[in-house]
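Here the structure comes first, spelled out in structure tokens, and everything after it is commentary.
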Amino acid sequence: MPSFDLSKKLPLNFYHQDLLTAAQKLLGKILVRKIDNSFYLYTKIVETEAYSKNGDEASHSFKGKTKSNSVMFEGGGKLYVYFTYGMYYCSNIVIGNAEQGEAVLIRAAEPLNGFDILSINRFKKNKISEKEKFNLTSGPGKLSIALNITKNENGMDLLGNEIFILDNDDIPKNDIVTSKRIGITKSKDLLWRFFIKNNPYVSKK
DNA sequence: ATCAAGATTACCT
DNA sequence: GGTAATCTTGATA
């Protein structure tokens, strides 16, 4: 596993750039989750989707601020976690100014260490098959289970020390695939999904 | 008070 | 390909 420099944490201004630019620049960045007050889980973001209050009916923020989506209106640099389908949590990075109601859903990431921990969180066992390995974090609900992100983490400051993102080289444009977003019924033709070409941890082919 | 929808996943044929 | 599981929330009455 490569070594990581915790001082390369993305600064606040990263979270205050254009939404679709941020969704693409988040690809390849290192999502870090601190567990047991000491161990750092590292995953590389490989798939994202953008959501906005502006012109995007699929976004939780489209109809304005409510109790459940309020973190989307707290401004860039926060973690927005929502509960869906009665079973799953999904993790988002809030982008832009508070009134913009914008966020990037982290749909999938590539595990870089701590496979035993991820495996126990996901499958309740630490010995997993090759197939299960690629099923650890290859979807927004799965990723949140593996990283133990729940409603308790909603609203967390990404400039803090529990959950944060480290800078890493941008993915070359030719290696970023753009597509329609998954699992929505409104504004479904927007090409606001981005993923790293040929990465085996992307949620769908 | 009631109800349908939902930024998903696992399992089935 | 299809669908059940599972429950919170916002909308409507």
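The sequence lines fix the lettering, A, B, ..., with proteins before strands; numbering per chain opens at 1.
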Nearest-angstrom distance, P atom, C:dA4 to B:dA4:
16 Å
Could you give the NZ-to-P distance, from A:Lys142 to B:dT8, as a whole number of Å?
11 Å
Can the positive tip of A:Lys53 be found less than 6.0 Å from the middle of the six-membered ring of A:Phe62, inside 45° of the ring normal?
no
When the distance from NZ of A:Lys65 to P of C:dT9 is rounded to whole Å, what number comes out?
16 Å
Specify the residue among A:Ser138 and A:Lys186 whose closest nucleotide of DNA chain B lies further upstream toward the 5′ end.
A:Lys186
Between A:Ser38 and A:Asp36, do the side chains contain an N or O donor and an N or O acceptor separated by less than 3.5 Å?
no
Give me, pair by pair, the N or O atoms of the protein and of nucleotides 10-13 of chain C that are less than 3.5 Å apart, along with how far apart they are.
unit_1 : atom_1 : unit_2  : atom_2 : d
C:dG10 : OP1    : A:Thr66 : OG1    : 2.5
C:dG10 : OP1    : A:Ser68 : OG     : 2.7

Between A:Lys8 and A:Asp167 (salt bridge meaning N to carboxylate O under 4.0 Å), is one present in this structure?
no
Output the rounded distance in Å from CD (A:Glu132) to P (B:dT9).
16 Å
Using a strict 4.0 Å threshold on nitrogen-to-oxygen distance, state whether A:Lys29 and A:Asp170 make a salt bridge.
yes
Check this one for me: any side-chain N or O of A:Arg122 less than 4.0 Å away from OP1 or OP2 of B:dA10?
yes
Distance, rounded to the nearest Å, where A:Leu143 contributes CG and B:dT8 contributes C1'
13 Å
Watson-Crick or G-U wobble mate for B:dA4, both contacts under 3.5 Å:
C:dT9
Hey, does the Lys NZ or Arg CZ of A:Arg181 hover above the aromatic six-ring of A:Tyr51, less than 6.0 Å from the centre and inside 45° of the axis?
yes
When rounded to whole Å, the CZ to P distance for the pair A:Arg181 and B:dT8 reads 11 Å
Between atom NZ in A:Lys131 and atom P in B:dC11, what is the gap in whole Å?
10 Å
A:Asn152 atom CG, over 12 foreign heavy atoms within 6.0 Å:
yes
Exceeds 12 heavy-atom contacts within 6.0 angstrom, atom NZ of A:Lys151:
no
Using atom names, set out every protein N or O paired with an N or O of nucleotides 6-8 of chain C below 3.5 Å, distance rounded to 0.1 Å.
unit_1 : atom_1 : unit_2  : atom_2 : d
C:dT6  : O2     : A:Tyr85 : O      : 2.3

Of the listed nucleotides (B:dG6, B:dT8, B:dT9), which one gets closest to any side-chain atom of A:Arg107?
B:dT8
Charged N to carboxylate O under 4.0 angstrom, A:Glu99 versus A:Lys65?
no
Between P of C:dT9 and OH of A:Tyr89, the distance in whole Å
10 Å
Work out how far the P atom of B:dA5 is from that of C:dT3, and round it to whole angstrom.
16 Å
A:Leu105 has an atom CG; how far is it from atom P of B:dT8, in whole Å?
7 Å
Residues A:Arg107, A:Glu47: salt bridge by 4.0 Å N-O rule
yes
